[in-house]
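Worksheet: the structure to be examined is printed underneath.
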Amino acid sequence: MSDHSFREIEKKIQQRWLKEQTFRVDNHSDKPKYYVLDMFPYPSGAGLHVGHPLGYIASDIVARFKRLKGFNVLHPMGFDAFGLPAEQYAIQTGQHPAVTTEDNTARYREQMQALGFSFDWSREFKTSQPDYYRWTQWIFQRFFEYWYDKALDKARPISELVSAFEQNGTAGLNPAVFDENVIEFKADFWNSLSESEKQRRLMYYRLAFLAHVTVNWCPGLGTVLANDEVKDGVSERGGFPVERKQMNQWCLRITAYADRLLEGLDALDWSDAVKEMQRNWIGKSRGASIIFLTEVNNVAIEVFTTRPDTIYGVTFICIAPEHRLVQYLTTEDHLEEVTSYVESVKNRSERDRMSEVKRISGAFTGSWAINPLDDKHRIPIWVADYVLAGYGTGAVMAVPSSDIRDYAFAKHFGMRITTVLEGSNTDISVEGFDPKAGTMINSGDLNGLTVPKAIDAAITIIETEGFGKGRIIYRLRDALFSRQRYWGEPIPIYYKDNLPHLLPDSELPLILPEIDAYKPTETGEPPLARALDWFYNTETAVAGGTTDNFPLETNTMPGWAGSSWYFLRYMDPANADAPFSAEAAKYWNQVDLYLGGSEHATGHLLYARFWTMFLYDMGLLNFSEPFKRLVNQGMIQGVSEKTTLRLRKMVNIDNLEVNKFQFLSADLPASEFEHSDNVTLIDVSADITMVKDGELDLEAFVAWRPEYADAVFITAGGFIKNGVFSPDPGKENPSSKFLTRQEVEKMSKSKYNVVNPDDVIADYSADTLRVYEMFLGPLEQSKPWSTHGIEGTWKFLRKYRRLFFDDKDNFKVSEAEPTADELRVLHKAIRKVEDDIERLSLNTAVSTFMICVNELQSLRCNKRAVLEPLTILLSPYAPHLTEEIWALLGYSDSIAFAQWPVWNEEFVKDNTFECPVSINGKVRVKLTFPLNTTAAQIETETLANDAVQKFLEGRTPKKIVVVPNRIINLVM
RNA sequence: GCGGAUGUGGCGAAAUUGGCAGACGCACCAGACUUAGGAUCUGGCGCCUUACGGUGUGUGGGUUCAAGUCCCUCCAUCCGCACCA
């Protein structure tokens, strides 16, 4: 392209695309559909950096490619706009989150449009706009109105449960319930209950239910968090400590779908890594629950184990400190010890508990249990924090000989160890291990059985004797749905007689109210409680109703609510009567290709599958998995420029403490510099724009950080102070260069390593950036951003353009018939590029283009019949440049309406092929054969060849291997 | 500890099914043109060797006429989960 005219051209073309709505797509078409989707972004204040577009470029290439292949392509974009950063910004500045969000989305949209993405912007929405969250609220209400029938394995309306109760009580029902120990009852009992008592009981069955649960409470954020929002005991956002707390909260019964979420994975075209992450997150375990009677009256302990085969090896029982039986089992003389132990566990934060995993602690309750299979020994009952209250039954039967944790505990407290498995050479008196194979010994009726058989036999015995049963449990917990925040969807619930009721449909959306401050009230209520008129006035909605005002729910929905179904709204974004129409959902169906980061593996991707399954159960969808194919693009990391600050605290003449700043150049060994109590070495990130070839621009740095104006910068050859270099005496050519060291980190504002795509576009053009990001390497790999090599793609695009122009920059495309050589080059590219895009190997396609353009250039090809199809091929990668050429070629329509060229085999194949002849695996000579030569002919001709005979030295090979993909091997 | 991935020149990387390893690009070297340039073009470029040749895909072994690719061992790096009974 002649110099920098691309900026105007790209802008002009983008405006035309917007004006003509080139990429607007209709819900009705004779063409087959293709739905390609990016995980929509949370619009942060920092704007896009060069890492963000990676996935968008890839999806855009696929979208444009599929369009050219004759598909009706849905390729939308929107914004996940509710979330914490906007709210925290609001707390600090008083700026309404809606305003911040609006600014940020505008900036994101502008940046995306500058990259030339072919999104259908007419379908764009934000999750925070009322006409969208109205339907998020509506779906929540359906969750509330449904229960899960485990017999039919689907969600059903709660009304059907009520009529079942009215007719037969709980008989014949298998519902998913909050409390496993739900009582069975008869129809008479149900019908005798008061309305509010009925409602209270129904709460245990609803898919959206209010329950007193242990939650991850984050005081730093003032809200509870779901399990996937907590990493290493601190909040994922902000990194604040998290503690366990009992609270009354809304939950979604995702556990009812555990099996379907697990089984559905098999059919999905997702990476093994993400599938495996979801499997682990769901954490299905088969085993048995076993009831141990205790010597305390009327108290039995139910334990869960995956190894019922080892029951004869049980030498003690441990229960979680939070276990409800602790109070009953603790005897008088152990009360003090147990109470103080339980207290000490309770007062530790999650992070402390995690970091002390290896420390063994526990307390004896003073009570004893009896092994139901083996009453020779009494079994002591302990309280120990290595047993988790939230998993299984919160109690374990400890088998030190077959479990390393039980072993460690037994050793620490001097417990008996009984070996029940034979066939390992580990000495159990020295170290613990987890034997998963072997033969049972010391195990009564189980003796002589192998582990898998013994597990089955043990379950049979346990079940027939009636003290337990085979059971499957999951690690997955129900999803906590309440957040004590402002900037989220209000939960469409009001309370009457202390019971939650759905707001009538006519009252939706329940609009987020204006409030005076975005933080909790003095009494600790969520921010929505600040809205003084936050009551539901029944008179306004229900004719003839009371004039009472009922309090509305003050919690809001979590960040993942809006993102759990947004991909469905794109299908029918303006629908005011339903979240989406049945026809639209039927036409667009599953997302064919979903692109996004792998950080959502156990959060968004699981919730979205769960919601889709629920909507499928409701009959609103005819598919139950939302994302057919998932590709996780890698992260583009930033390269930070680090420098070492040596901070020395000194006392000056006036006895005041002052800081002395010294910076050390990266070529100096920092470790050799003095360390003492009043000296600390600190890593400081310099803005990457101030560094060139590793050298820091000190003037710019000091101007940027005035607090370092008087700092001393020590270099290899002296030091710099106030911009003046003082060389070390006695050094030849003392270096005044102050160097930084590079570190690859996540791109982030706080590390000053963010590269803005706008700058790259200004320097090279959007097309260059697109091609370059794809050329960088495989899509799924993470890689540090580097502009080394961007010249290569820039040069390639110019070379491509030059094919169409003569020396004087006049457009000159010949109408002459192309030669076979020219067509061969073109068709090789068609085949390879098509295949590469289909496989999402977008980097190798770029190489193919480069080779193709180089070859056409050396053939001096300027024939329309070759260049026009090539332009179509390249258009998904470099849409602006190709669009410009398209117009010059004489087409008034956008290139998006062109037809992908068809690969013609005849031009790709040579009429001969070259065939290396190897003798005992060593390549000796190459022969050329016509294309249609048979294997037998190749054999004869090879043996007859003089050059081959020279190597054979008159001998005959024992075996001749002729491989279809052109290699001949003679085995001597 | 468990699970998933990755390992190829100075660098980013190719190599669809086991079939001439290093395509393509960057960097580097040499040359052409030149109004001497951050333009363009041509050639070279894994390592050892002047060459012939040898050697080479993290380590060690195996299968095969043939291994970057398949199997086993170990090592390194990254990611996820982590007292899950």
Side-chain angles (χ1 to χ4, degrees), chain A residues 3 231-232 271-281 283-285 287 289 303-308 310 318 320 353-354 356-360 384-388 390-399 402-406 408-409 434 473-476 598-599 601-602 632 634-635 771-772 775-778 780-784 786-796 798-799 802 807 832 835-836 838-839 841 843-852 854 857-858 914-923 926 957-961 963-972:
Chain A
D3 291 334
K231 294 260 146 78
D232 301 324
S271 76
D272 289 338
V274 172
K275 285 192 194 181
E276 217 33 53
M277 267 188 241
Q278 292 211 346
R279 286 192 190 106
N280 291 340
W281 191 258
K284 182 176 185 169
S285 302
S289 64
V303 303
F304 175 78
T305 178
T306 54
R307 297 295 303 276
T310 62
C318 279
R353 196 166 165 171
M354 281 175 153
E356 289 169 12
V357 155
K358 291 287 174 290
R359 190 190 294 173
I360 296 156
D385 70 347
Y386 83 91
V387 180
L388 303 177
Y391 184 76
T393 59
V396 301
M397 56 175 228
V399 186
S402 297
D403 184 289
I404 37 172
R405 293 152 310 178
D406 296 345
F409 196 85
D434 291 311
I473 63 157
Y474 301 89
R475 203 188 74 110
L476 185 71
S598 58
E599 67 271 21
T602 49
N632 300 114
M635 219 182 337
V771 174
Y772 180 60
F775 184 64
L776 225 41
E780 308 193 30
Q781 226 166 69
S782 289
K783 50 231 153 188
S786 116
T787 40
H788 294 299
I790 198 166
E791 290 286 339
T793 54
W794 171 228
K795 262 192 259 182
F796 152 71
R798 276 181 303 182
K799 257 189 205 176
R802 225 176 296 125
D807 297 343
K832 184 77 165 51
D835 196 42
D836 284 344
E838 212 76 70
R839 290 187 301 134
S841 175
N843 52 331
T844 53
V846 178
S847 298
T848 307
F849 286 131
M850 288 177 173
I851 295 166
C852 180
N854 280 338
Q857 185 191 259
S858 57
E914 203 174 57
C915 196
V917 178
S918 84
I919 298 171
N920 277 354
K922 297 235 170 204
V923 175
K926 282 171 197 173
K958 281 187 197 135
K959 193 161 101 185
I960 302 173
V961 188
V963 183
N965 43 6
R966 301 173 186 180
I967 193 160
I968 302 163
N969 210 313
L970 309 179
V971 185
M972 303 302 291

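The model shown is predicted, which means the values in this text are computed figures rather than measured ones. By convention in this document, chain letters (A, B, ...) are assigned in the order of the sequence lines, proteins followed by strands, and residues within each chain are numbered from 1.
For the pair A/Val971 and A/Pro957, the minimum side-chain heavy-atom distance is 4.5 Å or more. The closest side-chain heavy-atom distance from A/Met635 to A/Glu599 is not below 4.5 Å.
In terms of phosphate contacts, A/Lys275 brings no side-chain nitrogen or oxygen within less than 4.0 Å of OP1 or OP2 of B/G3. Here A/Arg798 reaches the OP1 or OP2 of B/U40: one of its side-chain N or O atoms lies under 4.0 Å away. Contact annotation: A/Asn843 side-chain N/O to B/A14 OP1/OP2 distance is under 4.0 Å. For the pair A/Gln278 and B/C81, the criterion of a side-chain N or O lying under 4.0 Å from OP1 or OP2 is not met. Contact between the side-chain N/O atoms of A/Asn854 and the OP1/OP2 oxygens of B/G25 is found at a separation under 4.0 Å. Taking only side-chain nitrogens and oxygens, A/Tyr391 comes nearer than 4.0 Å to OP1 or OP2 of B/A85. Phosphate proximity of B/C41 to A/Gln857: present, with a side-chain N or O under 4.0 Å from OP1 or OP2. Distances shorter than 4.0 Å separate none of the side-chain N or O atoms of A/Ser782 from OP1 or OP2 on B/C78. Residue A/Arg475 has a polar side-chain atom (N or O) positioned under 4.0 Å from OP1 or OP2 of B/A82.
Within 4.0 Å of A/Lys284, counting heavy atoms only, lies no atom of the nucleic acid at all. Within 4.0 Å of A/Leu388, counting heavy atoms only, lies at least one base atom of the nucleic acid. Using a 4.0 Å heavy-atom criterion, one finds that A/Pro957 contacts no nucleic acid atom at all. Among the protein residues, A/Val846 comes within range of no part of the nucleic acid, since none of its heavy atoms lies under 4.0 Å from any strand. Residue contacts for A/Lys783: at a heavy-atom cut-off of 4.0 Å it reaches no nucleic acid atom on any strand shown. The residue A/Glu791 sits apart from the nucleic acid: no heavy atom pair falls under 4.0 Å.
Ring planes of A/Phe796 and A/Phe849: parallel class, angle under 30° (limits at 30 and 60°).
Judged as a side chain to side chain contact (heavy atoms under 4.5 Å, CB included), and not counting sequence neighbours, the contacts of A/Asp403 are A/Arg405, A/Asp406, A/Asp434. For A/Asn632, the side chain to side chain contact (heavy atoms under 4.5 Å, CB included) criterion is met by A/Ser271, A/Val274, A/Ser598, A/Leu630, not counting sequence neighbours.
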Indicate for each nucleotide in nucleotides 28-37 of chain B, in 5' to 3' sequence, whether protein heavy atoms under 4.0 Å reach the base (B), only the sugar-phosphate (S), or nothing (-). ----------
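Rounded to an integer number of Å, the gap from CH2 of A/Trp281 to C1' of B/G4 is 16 Å. Straight-line distance from the CD atom of A/Glu780 to the P atom of B/G7: 13 Å, rounded to whole Å. Rounded to whole angstrom, the span from the CH2 atom of A/Trp794 across to the P atom of B/C26 amounts to 14 Å.
The backbone N or O of A/Tyr391 lies less than 3.5 Å from no partner atom in the side chain of A/Arg475, so there is not a single donor-acceptor pair.
Closest approach to the A/Thr844 side chain among B/G4, B/C65, B/A15 is made by B/A15 (side chain taken as heavy atoms from C-beta onward).
Of all nucleotides present, none satisfies the Watson-Crick or G-U wobble test against B/U50 with each distance under 3.5 Å. Pair assignment for B/A66 gives none, since no Watson-Crick or G-U wobble pairing has each distance under 3.5 Å. Nucleotide B/C83 forms a pair with no other nucleotide shown, judged by Watson-Crick or G-U wobble geometry with both contacts under 3.5 Å.
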